[in-house]
Amino acid sequence: MKETDLRTDRAEAGDMAPATGNGDQNKDEPNEEKNEEIKPQASIAEVFSFAKTTKVKLLIVAALLAAIVSGLVLPAFVFYFAEVFEDLGGDPSSDEFLGNIRTMAYSLMILGVIAFTFMSLQTTLMETAAGEMTAELKKQWLMALLRQDMAYFDVKDVASQAPIITNNGRQFRRGVGAKLVAGVQFIVTFVGGIAYSFYASWRTSLVLLAISPFMTASAMLLVKLNTTTTARKNESYAKAGSIVNMTVSSIRTILSLNSVQVVIDKFVEATEEACTGAISQTHLLGFANGSQMASMLLAFIPVILYGSYLMYTDVRETGCDPSGAIAGNETCDPAGKDVFGALMGITICASVLPQVSVAIEAISSARVACFPAIAAMNRTISGGEGNNTSSSQEASEEHGPIRRGGSTLPKYEIDSSSEAGLKPQSVSGSIRFDNVSFAYPTRMESEVFSGFSLDVEAGKTVALVGPSGSGKSTIVQLIERFYDPVSGLITLDGIDIKSLNVKWLRQQIGLVNQEPCLFPMSIRDNIKVTCPDATDEEVEQAAKTANAHEFIMSFNEGYNTQVGDKGSQLSGGQKQRIAIARVLLKKCSILLLDEATSALDSESEAVVQLAIDNLMKSRNLTTIVVAHRLSTVMNADVIAVVDGGRIVEQGKHDELLAKPGKYFELVKAQQLDKEKPDDGSGGNETDTEPASASPSRASSFMENGEGADSIAPIIRLNGVSFAYPSRPKNTIFHHLNLSIRKGETLAFVGPSGHGKSSIIQLLEAFYRPTEGKIDFLGHDMKDINVSWMRDQIGLVAQEPTMFDLTIAENIRFGCQNATQADIEEAAKKANAHDFIAKFPQGYNTPMGEGGQQVSGGQKQRIAIARCLVRKPKVILLDEATSALDSASEGIVQEALDKIMADANQTTIVIAHRLSTIRNADRIAVIAHGRVVEIGTHNELMARPHGQYRRLQSLQNLDEAKHSNASTGGVFSSVSESTKVKGQIKEETKNNKEEEVGDVGADRAKTLAARARLLGREDWPFYILGGVGAVMAGFFFPAFGFVFADMVDVLYYPVLPCNATAEVCSEIWDSVADDMRDDSQRVFYEVLTIMVITLVGNMLLFYGFGTAAERMNKRIRDAAFKSLVVQEVGWHDLHPPAAIVAQMAEDTAMLHAFAGEPIRTFSISVSSVLVGLIISFVYMWPFALVCLGILPFMAFGAEMEMAMYNGEDEGDESDDHKHSSSQIAVESISNIRTVAALTLEPDRLSIYSQSLAEEDPTPIRSNFIKGCSIGLGQFVQMWGMALMFWWGGWLLRNHGDSFTYRDYLISMFGLFFSLYGLALAFEGMVDKDKAKLAALRVFELIDRASLIDPLSEEGMKDLCYDSVTGMSSEDFKYDDLTSDGVMHSLMAANEFFV
């Protein structure tokens, strides 16, 4: 049973309308957007409810206490920092001078130790607690989701439920981890800074507070931009990324439609839009960074103007000493240290206030993240949806998109984890539906059953048949208790199934779906999944009963073979047989078969059907079969025809056929007409000669005087050998010969995996033969232009790819110059115009992702119209109707019959349903990569032991009863084609990684140079950015100058005056005037630097940002163009998901490698060099020592900036690589399989184990993270202690060579230059990763496609009408003469018998 069947109960009439009405959808959109704006949150208590253990609670308390201590470090540092200048401003020759400096240095070192200890502790403890809380959240959330009823997943999109645990878990951990305690730390710092600032100088503090909003706003703006940089870049290229994803996942469709240039143009348009958008933001980024840097100086203005005013006014009046360092003179009030302390206190308050908002935002995000989990966990039987609808309604809005507008969850009554309910000791298996009414929760207005009744006797087989949408699959789901009836009763052995324990009930049932879900593990583990304690012997016995043992043992790894994601490494028949083996091991009493063979070809169906028969015979099972192919249910004890939600007929096959009715009509629709052999088609003759055309076309050829052998071939396969690049050791064809005649319909039939579709792919030039050649219009296809060649061919596949465009745009996709009239004409020929015209938006109706807004039959007809609008000379129909039900198949087949009836149209058909090709001009049976039979339907049916006749008998209803017994050896060797698939892919992947992994130094330089050369046409922007970098980089040493001058002003020493009052007043006036002049000079310095900084940063970001974005666009465009022109064989070796992820990562990395480092390097060079020069000029011994500690101080500055700028190590984590995420996605995406097999406890156990394995040593990893943050403060404190002590020592011992101002300029010029170096560290990317990214990108760009669809080489405009005939001597078919016949027949018999 397909998951989509749960949402598509459509009868044939339903084929005339989209799955979701566009009008309703559009009405709901504004409400959905409104709901997304206001996100419901869990309470704080609910957030911390996941701290289950005493250990976690103690960790949280200890972390909060450590954060309080950490928060007091900066206020204490400000106090000592203000005091140190008072000491340095004293007399260097005094005995107390160096002692005071030494005491200050020790104090800073002690603060460094405290900061390191407690900041490390707070991060380590809180991150450890957050990790355990997040794991608990994830486990409880998954547990809650696994026990939900299916209505929950109908209302809430399964696709959104699967990854939401991981995504919200990451968001939750960020909110309750290091950011939470950092918020507490910064709150304490803020309070302490405010308190000290007002204690030092309340008047200065009030003035500073007035401008603090401007400082805070600039800091918050920068934090906001920094914390959203990655998200903004990803979002800006989301459209381009979706085109990449669409292209690589639909590469065959795009190549077959010759739409390579179309998608390239769309991609270039998307990258242009993204590039323009990104460039438009560069000056804002520059302004934000410039404002943040300028705001560091903004606080100096009131201090310099107002603070100095207070002091020099006091000096003018009293002659006090602002520095506080002159003995014998009264210290001013406020003193320099008070004004400076107020400045530093308010400054740290402004710097940490944004971090408080970040912490609040993080905890709010955690509340939002865990709300869906809380809502799911609270949805219980005792307090279910019916009793707390408001909570669940909010959860519905947040926890994922609503699948149907306005749908709400029903009352919760089906809990698979509950122990409540009866568990009878034995089960007979009788099932009864008594007056059941039912509607799906998403379509309550559309009733599926109304008064439905059905009796299923114990041990009997009941087949359910009828049109799509009649309710057959719904019966299966009600028995599994995925849903409960709205009214009525369903009983098992006379007991209402609502009274039974849900898990016990499902353990009694074995369910085999149309597309069974296998988990990405070994075959053995997949079979054992329902019975983990089963022995190997029991597993193998189950596989033998399911006809699976032989093909399993043909694999190199046998039962240990990995099946891949959802069983992708196996064929459909193999997956079905493993699913049957899984059910066999379950030892159930009731068997539900929901379209278990409908998607398989005849041979696969025969083998799977035999396995099912073995299963039914092995036990006295009650079996309910849902089937479209009536040949599979003829032997049922009872056949019930379901139509319109009720049983309209029931009885045995023969009984129902004896009277006209619904079943009779269904059989008639599928019954193959028995045609008498033509008079001339004798056995031996047709075995040795190429077959003639069908009577209708053959006669027309004969009337024109042409014989069968002179019909012009449009395509010839001459000695073609072929193996897929991903499986080079597995040859598909061995010297295949085949001729396809102009204007004929040639059908390929035969077993799966034997080369039919491979011929189609060779004709589409997806691959080239390894030997031999394919001629088209008399010329080797290798010599024909690829694009022109594909224009002559149209392809309609079994499951056509539709794009998220309108119907008209999808039809036009392969023919961009098609007019609306052309589109409608093609739609009419495809039997599509009528249903399209009934849509409210007609041809402008959006089809949705993958065409999900239309039914399968509608999608197939649109695909046919898309093919016809191109007016191809050759049409390829690859299983174009095999996945459809009978009603849809009939409509689509009618359209295909129109194509095949056109005498001017060459048509090649692959079909498993032989009824669709019996009128073909010729039918070729392909087995083991060879043509084993060819002829018309009548000719091939005339061969008593022919292979086509045997295929026919498998599908013929009258002979189906006798066919199963003779299918024992089918597929015994088919699996050889798949056994090396995974191995080859893995080897290729490993080889590729080894090749990329070794990047030598010379190659790295070449790659880096080439990356930067891509930006050579942007040299004006680089020059502009370079000028801005010099201006912006000059800020840091200039800041040191200003800081030194400000300290010099604030700590201006005033000696005591022992002269007369008049003289002293003159002296004090002169000193006050000097202080005023100095303060004004510093004020103008500040304004100048602020302007230079703002302009410089805007130039810097605009210049380098524009150049980087333009180069990024060129790289992406070149990489995508190269990607899309690669041959299909290359794509076979590169899975779509890997291509999309790798391309996005590599282009982004290369963008950073060639863009960001240039900007940051320019800043750091100008900053550090100027700072070093200034420092050496003013006090070279001091600069020399500081040069030694420069790397350590730069590291500390980088750590500090990372903390203050809101960076988060978890923002870019690759959770998709972790197995826990995969397990959650697998479990929720396949929830019906998990529920049916009662795997909830097993999946939860595996998930819990995976979570533990992802971080086996959390305390160690968290301690390292905590230490890296604490170490930044530690290094800063100790470095400053050394700098102060060394500067004081130089002043004490070399006071005649260096002045106090020299020391201030040297120290602060170099100290603030370190922040420029920190920016360089901050902006650098991992060089090794960048090298690998460059290697992969340029290798892709440089790789010449082996089959380039954009190449202008090759012949074009070959004349279709000038093809001449040929004699039978020019060409022969695959050994269908003389001794070759016996060889082919022996090969075929090996397969068929």
Enquirer: Any side-chain heavy-atom pair from Pro485 and Lys498 closer than 4.5 angstrom?
Expert: yes

Enquirer: Quick check: closest heavy atoms across Ile1231 and Leu145, and the distance to 0.1 Å?
Expert: CD1-O, 4.4 Å

Enquirer: Backbone N or O of Glu457 within a donor-acceptor pair of the Ser430 side chain at under 3.5 Å?
Expert: no

Enquirer: Does Gln650 reach the side chain of Leu454, with side-chain heavy atoms less than 4.5 Å apart?
Expert: yes

Enquirer: Are the side chains of Leu656 and Val667 in contact, using a 4.5 Å heavy-atom criterion?
Expert: no

Enquirer: Give me each pair satisfying ring pair (Phe, Tyr, Trp, His ring centres under 6.0 Å) with a member in residues 415-435, each pair once, sequence neighbours excluded.
Expert: Phe433-Phe452

Enquirer: Ser1245 side chain to Pro1241 main-chain N or O, any donor-acceptor pair under 3.5 Å?
Expert: no

Enquirer: My understanding is that only residues two or more places apart in sequence, or in another chain, count here; which of them pass salt bridge (Lys or Arg N to Asp or Glu O under 4.0 Å) with Asp484?
Expert: Arg481

Enquirer: Should Arg379 and Asp149 be marked as a salt bridge (charged side-chain N to carboxylate O under 4.0 Å, His left out) after you check the CA-CA gap, both sets of side-chain angles, and the distance that decides it?
Expert: CA-CA 10 Å; Arg379 188 173 184 254; Asp149 53 20; 3.2 Å; yes

Enquirer: Would a 4.5 Å heavy-atom cut-off, applied to side chains only, mark Met521 and Val529 as touching?
Expert: yes

Enquirer: How about Ile647 and Val642: do any of their side-chain heavy atoms sit closer than 4.5 Å?
Expert: yes

Enquirer: Taking the side chain as everything from C-beta on, heavy atoms only, tell me whether Asp434 gets closer than 4.5 Å to Thr491.
Expert: no

Enquirer: Could you state the interatomic distance from CD1 (Ile624) to CD1 (Ile479), rounded to the nearest 0.5 Å?
Expert: 3.5 Å

Enquirer: Assess whether atom CD of Glu538 is packed by more than 12 heavy atoms of other residues, nucleotides or ligands within 6.0 Å.
Expert: yes

Enquirer: Are Gln507 and Lys503 close enough that some pair of their side-chain heavy atoms sits under 4.5 Å apart?
Expert: yes

Enquirer: Checking the side chain of Arg506 only, and the main-chain atoms of Glu480 only, is there a donor and an acceptor separated by less than 3.5 Å?
Expert: yes

Enquirer: Does the plane of the ring in Phe438 sit parallel, tilted or perpendicular to the ring in Phe449? Use 30° and 60° as the thresholds.
Expert: tilted

Enquirer: Is there a donor-acceptor contact under 3.5 Å from the side chain of Gln148 to the main chain of Ala376?
Expert: yes

Enquirer: When rounded to the nearest 0.5 angstrom, what is the spacing between SG in Cys517 and CG in Leu1239?
Expert: 9.0 Å

Enquirer: Of Leu500, Val427, Asp493, which is the lone residue that meets side-chain contact (heavy atoms from CB on, under 4.5 Å) with Gln508?
Expert: Val427

Enquirer: For a quick test of reading the model, state the closest non-hydrogen atom pair linking Ala458 to Thr622 and the distance between them.
Expert: CA-OG1, 3.4 Å

Enquirer: What do you reckon, is NZ of Lys139 surrounded by more than 12 foreign heavy atoms closer than 6.0 Å?
Expert: yes

Enquirer: Once salt bridge (Lys or Arg N to Asp or Glu O under 4.0 Å) is applied, do any residues pair with Arg432, and if so which ones, sequence neighbours excluded?
Expert: Asp455

Enquirer: Ignoring hydrogens, what is the shortest heavy-atom contact between Val583 and Cys588? Give both atom names and the distance.
Expert: CG1-SG, 3.9 Å

Enquirer: Can any side-chain N or O of Asn501 pair as donor or acceptor with the backbone N or O of Trp504 at less than 3.5 Å?
Expert: yes

Enquirer: Within the side chain of Thr461, is there an N or O that forms a donor-acceptor pair under 3.5 Å with the backbone of Asp637?
Expert: no

Enquirer: Give the C-alpha distance, both sets of side-chain angles, the deciding distance and a yes or no for side chain to side chain contact (heavy atoms under 4.5 Å, CB included) between Val462 and Ile431.
Expert: CA-CA 11 Å; Val462 174; Ile431 299 172; over 6 Å; no

Enquirer: Looking at residues at least two apart in the chain, or sitting in another chain, which of them share a side chain to side chain donor-acceptor pair (under 3.5 Å) with Ser1227?
Expert: Arg1243

Enquirer: Please examine the side chains of Glu1240 and Thr1238, heavy atoms only from C-beta on, and report whether any two atoms are closer than 4.5 Å.
Expert: yes

Enquirer: So, does Asn513 use its side chain to make a donor-acceptor pair with the main chain of Asp594 at under 3.5 Å?
Expert: no

Enquirer: Can you see which heavy atom on Leu584 is nearest to which on Ala546, and at what distance?
Expert: CD1-N, 3.9 Å

Enquirer: Between Met634 and His653, which heavy-atom pair has the shortest distance, and what is it?
Expert: O-CB, 3.4 Å

Enquirer: Sequence neighbours left out, what passes side chain to side chain donor-acceptor pair (under 3.5 Å) with Lys460? Give chain and number order.
Expert: none

Enquirer: Ignoring hydrogens and geometry, is there a side-chain-to-backbone donor-acceptor pair from Asn526 to Leu518 under 3.5 Å?
Expert: no

Enquirer: So which atom in Ala543 and which in Ile527 form the shortest heavy-atom distance, rounded to 0.1 Å?
Expert: CB-CD1, 4.4 Å

Enquirer: State whether a side-chain donor-acceptor pair under 3.5 Å links Thr474 with Tyr483.
Expert: no

Enquirer: Is it the case that the side chain of Lys472 and the backbone of Ala627 share a donor-acceptor pair, with hydrogens and angles ignored and the cut-off at 3.5 Å?
Expert: no

Enquirer: Could you tell me which residues satisfy side chain to side chain contact (heavy atoms under 4.5 Å, CB included) with Asp415, sequence neighbours excluded, listed by chain and number?
Expert: Arg147, Ile381, Tyr412, Ser417, Ser418

Enquirer: Check whether any side-chain N or O of Arg577 sits under 3.5 Å from a backbone N or O of Ala548 as a donor-acceptor pair, and report yes or no.
Expert: no

